[in-house]
Amino acid sequence: MGRPFVLAQISDLHLKAGGQRSYGVFDSAAMLRACLRHLLSLKQQPDAVAFTGDLTDRGLPEEYVLLRELLAPLRMPVYLIPGNHDRRAEMRAAFPAHAYLGQSPGLIRYVIDAHPLRLVALDTVVEGESGGNLGEESLDWLDATLASAPAHPTVVLMHHPPFRTHIGHMDAFGLRDPAPLAAVIERHSQVQAILCGHVHRGIQARFAGTIASTAPSPVHQVALDLDSEAPSRFMMDPPAYRLHAYSPDAGFASHTAYIGEFSGPHPFR
Ligand SMILES: [Fe+2]
Ligand SMILES: [Fe+2]
């Protein structure tokens with residue numbers, strides 16, 4: 001039945017300006033360029049692109065200006081949410097054309113009703129901390145927002161995942177107390193998925209009657225070390241992003257797109 005609505009999710013760019021190499025290992029701007037080139041060469045162009053936080057490495061104005069320049073070739077709607085490496089004021093200042101960033105006066109949270117999938121974006125950032133939180137007021141807003149369109153299939157976007165990954169050093173800086181969020185999500189069966197970032201790996205978990213997942217990064221990945229004592233390390237695993245596809249007849253499914261030059265497609269014969 002034709003093509004689905006496709007939402008690309010790109011997370012944790014940790015963009016640095018001025019050609020600086022992160023940790024002396026990689027060039028985040030070059031890797032984001034490669035990611036966007038890959039996305040723009042997809043056979044099915046995404047209908048929208050959501051960036052789920054840690055857009056920049058240090059929240060500096062020049063990092064957001066560079067991000068705006070790099071995102072300029074994207075012709076589809078682009079939605080940004082902050083991560084713990086971002087700064088709200090600097091982010092808003094660099095993207096004045098992104099009116100949705102002003103839907104809420106303090107936090108960068110918003111709802112987008114323009115697509116077959118409704119996007120509900122939360123702000124989990126706690127200034128000065130690596131871990132995230134959703135206050136009571138944010139949870140009330142989420143509950144009321146979801147209650148206002150119970151028949152519209154919805155994805156919730158948030159930087160910090162509400163589940164434990166078994167990677168100890170990341171779990172130490174996850175979402176503080178996911179239980180009240182679970183109580184809200186359980187009440188709204190139209191939530192197809194909760195799309196997160198922060199962990200720099202593709203991970204999924206059952207959560208409150210839906211699926212919560214983290215996206216891989218188009219830059220560096222957190223080392224695959226399923227140990228509660230895992231030290232904080234990263235790996236240059238294949239960079240990637242997600243493609244979430246939805247149609248009313250086939251439903252919702254999430255794919256991973258690896259960034260690079262690969263052999264194929266080859267026919268099965
Ligand atoms: Fe990150
Ligand atoms: Fe993060």
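Both ligands and their constituent atoms are indexed starting at 1 by order of listing. A quick note: this is a predicted structure, and the numbers were derived from the prediction, not measured.
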Problem set entry | Which atom of D54 approaches the Fe ion (ligand 1) most closely (N/O/S) | OD2
For this session: Indicate if the distance from the Fe ion (ligand 2) to the nearest N, O or S atom of H198 falls below 2.8 Å.
Result: yes
For this session: Compare all side-chain heavy atoms of S11 with those of R242 and state whether any distance is below 4.5 angstrom.
Result: no
Problem set entry | Separation between CG of D86 and CZ of R92, rounded to the nearest 0.5 Å | 12.0 Å
Exercise. Within less than 2.8 Å of the Fe ion (ligand 2), any N, O or S from H159?
Worked result: yes
Exercise. Short check: any N/O/S atom of H85 below 2.8 Å from the Fe ion (ligand 1)?
Worked result: no
Seminar exercise, completed: Partner of S217 under side-chain contact (heavy atoms from CB on, under 4.5 Å), picked from H200, H198, H14, is H200
Problem set entry | R109 side chain to I81 backbone, donor-acceptor under 3.5 Å | no
For this session: Kindly confirm whether the Fe ion (ligand 2) is within less than 2.8 Å of some N/O/S atom in N84?
Result: yes
For this session: Check whether any N, O or S atom of D12 sits under 2.8 Å from the Fe ion (ligand 2).
Result: no
Exercise. Only one of D57, L60, L70, D54 clears side-chain contact (heavy atoms from CB on, under 4.5 Å) with L15; which?
Worked result: L70
